[in-house]
Amino acid sequence: MTQAARPRPADFDKNLGLVLQGGGALGSYQAGVYEALAEAGYHPDWVAGISIGAINAAIIAGNAPSERIGRLRGFWETITAPATSFPFLPFSEAESRRWHAASAMMFGQSGFFAPRPLVDWFGSPVSFYDTKALRSTLEAFIDFDRLNSGETRFSVGAANVRSGDFAYFDSREIRIRPEHVMASGALPPGFPPVEIDGEHYWDGGLVSNTPLQYVLDYVPRRSRLTFQVDVFNAEGPLPVDLESAIEREKDIRYSSRTRTATDMARIIHDVRHNINSLIDRLPEELRASKEAQFLYEFGCVTRMDIVRLSYRPSEPQGQSKDYEFSAATMEARWAQGLLDARAALSESPWLTPMPDELGARVFDGGWATNGRAQTSLLAQSRPAMTDAG
């Protein structure tokens with residue numbers, strides 16, 4: 001049984017970030033995680049996302065804390081409503097998932113995307129689907145005036161189609177509009193690129209599926225606790241057929257990017273922290289040298305804790321899991337995110353003092369919610385340590 005979440009201590013003084021990965025229909029897991037964080041009083045001052053994570057992040061930043069869960073639920077109920085009805089459905093869970101995924105491919109999803117009309121194919125379309133409906137859905141569930149108010153910082157990433165460069169749209173630097181959110185989730189060739197100020201953008205997951213590094217590297221830095229919510233699982237069983245092989249490949253491809261980004265963020269911040277400590281110990285003559293001054297520019301006294309919450313379903317869900325938008329699957333993923341985050345909050349290992357020699361810690365928990373044994377959070381501090389999980 002999952003323990004009760006430990007509430008945020010009144011004297012907790014670190015800034016709080018929430019970083020949401022891309023993953024289409026898997027994103028309802030992130031909504032469940034946020035619900036648990038809100039219950040415990042962990043309201044982020046900065047939310048950042050890629051693709052579906054960008055949409056979830058925008059709903060969080062674009063609503064008052066008391067309204068966020070309801071708005072998230074309204075969005076997910078809207079886009080998981082079937083675009084068409086059928087007189088019958090298959091009985092098994094696996095057949096139902098395949099049926100709903102096929103429905104999304106053929107008919108699209110309500111309030112999200114729709115197949116291009118036949119007339120479009122007499123021209124030269126650059127995508128299979130049209131996403132005009134998504135703009136109206138975003139405007140219905142997001143108060144863009146609040147999102148741009150500065151109350152909660154908001155950032156999303158997208159890939160510039162022309163240059164291939166990665167771009168961040170940050171509410172601290174520009175006014176965020178619906179097209180910035182749509183651009184972050186414009187995954188080709190399914191969705192068309194989104195034009196913003198004369199440039200065209202595709203899904204940020206083409207370059208990086210997590211905005212973690214942007215949040216941790218932004219200057220001026222602040223000591224921060226960041227919850228990173230991943231929806232692709234790095235670990236998994238050996239494939240037994242073509243479908244499970246495609247699913248496993250997708251998990252490894254997207255989770256490896258986030259793991260690499262997390263590991264590099266931790267290593268780099270440890271280096272920053274130790275540069276700062278070393279400079280303080282140098283004799284005045286060495287401290288004044290140009291080499292020491294060069295290194296000093298990279299030093300940092302802030303402390304970073306990163307908590308990874310990853311969607312780990314109890315059984316394979318098929319290669320179409322990121323576009324299987326059934327309401328039942330959405331509810332199950334939401335519930336698992338809620339329970340996984342409550343399990344992490346019940347332990348709250350980030351409340352323990354950080355060793356002096358470290359600038360960053362990564363807590364990676366194998367929380368389980370479908371009858372499997374629950375494991376504890378493990379702190380990862382250096383590459384050579386083997387207890388990181």
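In what follows, residues are counted from 1 in the order of the sequence shown.
Counting only heavy atoms from C-beta outward, the side chains of Arg116 and Trp121 approach each other to under 4.5 Å. A 4.5 Å side-chain heavy-atom check between Asp280 and Arg287 finds every atom pair outside the cut-off. At a threshold of 4.5 Å between non-hydrogen side-chain atoms, the residues Phe75 and Thr137 count as touching. His269 places none of its side-chain heavy atoms less than 4.5 Å from the side chain of Arg361. Using a 4.5 Å heavy-atom threshold, the side chains of Glu357 and His273 count as separate.
Ala133 pairs by the side-chain contact (heavy atoms from CB on, under 4.5 Å) definition with nothing, not counting sequence neighbours. Partners of Glu67 by salt bridge (charged side-chain N to carboxylate O under 4.0 Å, His left out), not counting sequence neighbours: none found. Looking at residues two or more places apart in sequence or on another chain, you find no salt bridge (charged side-chain N to carboxylate O under 4.0 Å, His left out) involving Arg221. Residues that satisfy the side-chain contact (heavy atoms from CB on, under 4.5 Å) test with Arg172, not counting sequence neighbours, are Arg153, Asp170, Tyr218. Legend: residues meeting salt bridge (charged side-chain N to carboxylate O under 4.0 Å, His left out) with Arg135, ordered by chain and number and at least two apart, are Glu139, Glu179. Scored by the side-chain contact (heavy atoms from CB on, under 4.5 Å) test, Ser163 finds Asn160, Asp165 as partners (sequence neighbours excluded). In terms of the side-chain contact (heavy atoms from CB on, under 4.5 Å) criterion, residue partners of Asp145 (sequence neighbours excluded) are, by chain and number, Asp143, Arg175. Annotation: salt bridge (charged side-chain N to carboxylate O under 4.0 Å, His left out) contacts of Asp322 (sequence neighbours excluded): Lys250.
Annotation: cation-pi pair Arg73/Trp334 present, NZ/CZ under 6.0 Å from the ring centroid and within 45° of its normal.
Salt-bridge annotation for Asp45 and Arg224: present, with a side-chain N of the basic residue lying under 4.0 Å from a carboxylate O of the acidic one. Salt bridge present: Lys321 and Asp251 bring a charged side-chain N and a carboxylate O closer than 4.0 Å. Taking a cutoff of 4.0 Å between a charged side-chain nitrogen and a carboxylate oxygen, Glu235 and Arg312 do not qualify as a salt bridge.
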Going by atom type alone, with no hydrogens or angles, which donor-acceptor pairs under 3.5 Å involve a side-chain atom of residues 9-16 and a protein atom two or more places apart or on another chain?
unit_1: Lys14; atom_1: NZ; unit_2: Asp305; atom_2: OD2; d: 3.0

Pair up each side-chain donor or acceptor in residues 17-24 with any protein partner under 3.5 Å, not counting sequence neighbours, and list the distances.
unit_1: Gln21; atom_1: OE1; unit_2: Val231; atom_2: N; d: 2.5
unit_1: Gln21; atom_1: OE1; unit_2: Phe232; atom_2: N; d: 3.4

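Met264 belongs to a hydrophobic cluster whose other members, connected by ILVMFWY side-chain contacts under 4.5 Å either directly or through intermediates, are Ile268. The other members of the hydrophobic cluster of Leu118, by chain and number, are Phe122 (side-chain heavy atoms under 4.5 Å, ILVMFWY only).
In this model, a donor atom of one side chain and an acceptor atom of the other lie less than 3.5 Å apart for Ser51 and Asp203.
Taking the six-membered ring for Trp, Phe154 and Phe169 have ring centres at least 6.0 Å apart.
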